[in-house]
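Input: a single structure, listed below in structure tokens.
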Amino acid sequence: MTNVAGLPLPAQAGTSLPSFYENALDSLELDDPVLLGLLNDELGRQRETLALVASCSPVSPAALLAEGSIFANVTAEGYPGRRFHAGCVNVDKVERLAVDRAKHAFRARYANVQPHSASTANQVVMNALLSPGDPILGMDLDAGGHLSHGAPVNVSGRVFVARGYGLAPDGLIDYDEVRAKALEHRPRLIIAGTTAYPRTIDWAAFRAIADEVGAYLLADITHIAGLVVAGLHPSPIEHAHVVTTCTHKQLYGPRGGLILLGESATTTLPDGRTLEQAMQGGLFPLMQGAPVVNSIAAKAYALGAVDTPRFADTMARVRSLAAALADQLMRRGVRVISEGTDNHIVVADVLSSFGITGVNAEKALEECDILVNKNRIVGDVHPANVASGVRFGSNSMAARGLDAEDVAEIAEVVVDVLTAAESASARVHTLDPQVRAHARKRIGAICGRRPLAGY
Ligand SMILES: *Cc1c(COP(=O)(O)O)cnc(C)c1O
């Protein structure tokens, strides 16, 4: 047998797997119709709603298949060639494939594909490089930093003495403030990377600050990993000591994390280890036990798929659609933080634009099948579970192949809905049923003519 390119296929390809999955589906139908019903409901919901939550992307069906695969049956503590269990012959190949593809995609010298999540990846980096009680400096949670960057409610904020930097009133990172905080607190690690930042991050500026105070620099590119791979956001790989990311936000892959090193891989630490050795040991045995091999298989798929013209196209669309959305909202009088975007994120101040809170805007839009999340903005008067802004993201719109005209229509619907929505209180809203019905019809039509590929 050969594939479309005329290359020989492995002996079993295309024969045993389909029957395996058919049997699995049969068992699900027979044994657990309740769960099957929920899966079907969820498929319908994902087809029919417009997901503009910036921290997700629809996973490629093939990656989902790999994630739901028989690699789940293998216990594989350790690394390829040095496992603590037998039976890892194919698992070793899968992990090496994922590592090679991660290195290629990010132009890295070293990749660890075992982190269960980006939060875990960050914990690995911190615990491998620092001692409990060491000072760290990350962006404040309120300003758009991540929990795992030293938030008081997170283990990172308990084990280390965490300080934060904020954003300037214009919503941008103020590198002078970061430097002043670094000089004041003398952190051993500085974290650059955010969850709601619509603009380009200046990695060299962060590295200069880190060098000035003798700190390690961790670049957490979880949100923008796809743009970095596609060359549409500068890469931190040769600026930061360590780079972390997840594989599910912008790589259309499974939930999981990666740790990446550039030339710094061979840097020797004060204790004699190289940075690469510190990351290997920092993951296993310091922070994790056996890796989730089926997830690594899905990471391998997703990391292979980023090396295609199709992915480059999708990322170009991610950027142009977000820019178009920011533009269309501003034209309709909406206050957009930083007046635009360089990436996939658009943050809108709904309180000053429409007189409703972020949570009420989120709920009103959800009633109309548009999914966003409430988000605090600079100087916000509301707590995070109310907030004055909402965050939009373009990863799913790009995967659906939307164009600028679709985005103009979406902006129109968003503005219609948020204009009609009224806050009865900070967390309770009302929405005219006719406005809702009209908006749902328009969004349903867009989802219908722009289906998610493979769904
Ligand atoms: C989402 C996010 C994470 C956490 O990712 P998980 O894989 O969900 O743990 C870490 N850092 C940043 C900047 C994020 O946005």
Side-chain angles (χ1 to χ4, degrees), residues 51-57 59 63 67 102 106 111-127 136-151 153-157 160 162 164-167 173 178 189-201 203 206 217-228 233 235-236 240 242-260 283 287-288 291-292 295-296 298-299 302-303 318 322 341-347 372-376 384 391-396:
L52 303 185
V53 174
S55 51
C56 62
S57 57
V59 185
E67 193 180 21
F106 291 95
N112 193 315
V113 298
Q114 293 195 6
H116 298 329
S117 71
S119 299
T120 312
N122 288 338
Q123 280 181 40
V124 169
V125 176
M126 290 181 196
N127 287 283
I136 62 173
L137 180 69
M139 184 181 277
D140 288 325
L141 192 59
D142 280 353
H146 189 257
L147 279 173
S148 62
H149 296 182
V153 292
N154 185 264
V155 67
S156 56
F160 305 104
Y165 53 89
L167 293 171
I173 295 173
V178 179
L189 174 80
I190 295 177
I191 307 151
T194 78
T195 61
Y197 194 63
R199 293 299 181 178
T200 302
I201 298 176
W203 306 117
F206 269 108
L217 177 63
L218 165 59
D220 176 349
I221 58 166
T222 291
H223 256 278
I224 51 171
L227 294 172
V228 167
H233 186 292
S235 170
V242 188
V243 177
T244 54
T245 182
C246 75
T247 44
H248 54 272
K249 285 185 188 169
Q250 206 171 45
L251 298 177
Y252 304 88
R255 291 198 170 254
L258 301 176
I259 300 171
L260 305 157
L283 187 126
M287 293 299 299
Q288 284 187 189
V292 182
S295 172
I296 292 175
K299 287 175 187 175
L303 290 163
V318 159
T341 176
D342 300 328
N343 56 29
H344 61 304
I345 291 175
V346 177
V347 182
V372 301
N373 69 284
K374 56 193 164 293
N375 211 98
R376 292 189 96 222
R391 182 185 66 165
F392 300 88
S394 57
N395 296 338
S396 297

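Note that ligands are numbered from 1 as they come in the structure, with each ligand's atoms numbered from 1 the same way.
Using a 4.5 Å heavy-atom cutoff, the side chains of V124 and N112 are not in contact. Between L167 and Y197 the shortest side-chain heavy-atom distance falls below 4.5 Å. Residues F160 and N127 form a side-chain contact, since some pair of their non-hydrogen atoms from C-beta on lies under 4.5 Å apart.
Of the protein's non-hydrogen atoms, the one nearest atom 9 (O) of ligand 1 is S119 OG, 2.7 Å. Looking at atom 12 (C) of ligand 1, its nearest protein heavy atom turns out to be D220 OD2, 3.4 Å. Residue, atom and distance of the protein heavy atom nearest to atom 3 (C) of ligand 1 are H146 NE2, 3.2 Å.
Atom NE2 in H149 sits 13.5 Å away from atom CD1 in I190 (nearest 0.5 Å). Rounding to the nearest 0.5 Å places OG1 of T195 at 9.5 Å from CG of D220.
Taking 4.0 Å as the cut-off, R255 does not count as a neighbour of ligand 1 on heavy-atom distance.
Checked against a 3.5 angstrom limit, the closest N/O atoms of K249 and ligand 1 fall inside it. Remark: ligand 1 and S148 share no N or O pair separated by less than 3.5 Å (distance only, no angle test). Any N or O atom pair closer than 3.5 Å counts here, and A118 shares at least one such pair with ligand 1.
Below 4.0 Å from some heavy atom of S117 lie the following atoms of ligand 1, by number and element: 6 (P), 7 (O), 9 (O). With ligand atoms numbered from 1 in the order given, ligand 1 contributes 7 (O), 8 (O) to contacts under 4.0 Å with heavy atoms of H248. Counting the atoms of ligand 1 from 1 in the order shown, those under 4.0 Å from a heavy atom of H223 are 15 (O).
D140 meets the salt bridge (charged side-chain N to carboxylate O under 4.0 Å, His left out) test with no other residue; sequence neighbours excluded.
Here T194 has backbone heavy atoms under 4.0 Å from ligand 1, and that is the only part of it that gets that close.
Checked options Q250, H344, H146; the residue passing with H223 is H344 (criterion: side-chain hydrogen bond (donor to acceptor under 3.5 Å, both in side chains)). Each of D342, N343, T341 was checked for a side-chain hydrogen bond (donor to acceptor under 3.5 Å, both in side chains) with R199, and the lone residue meeting it is D342.
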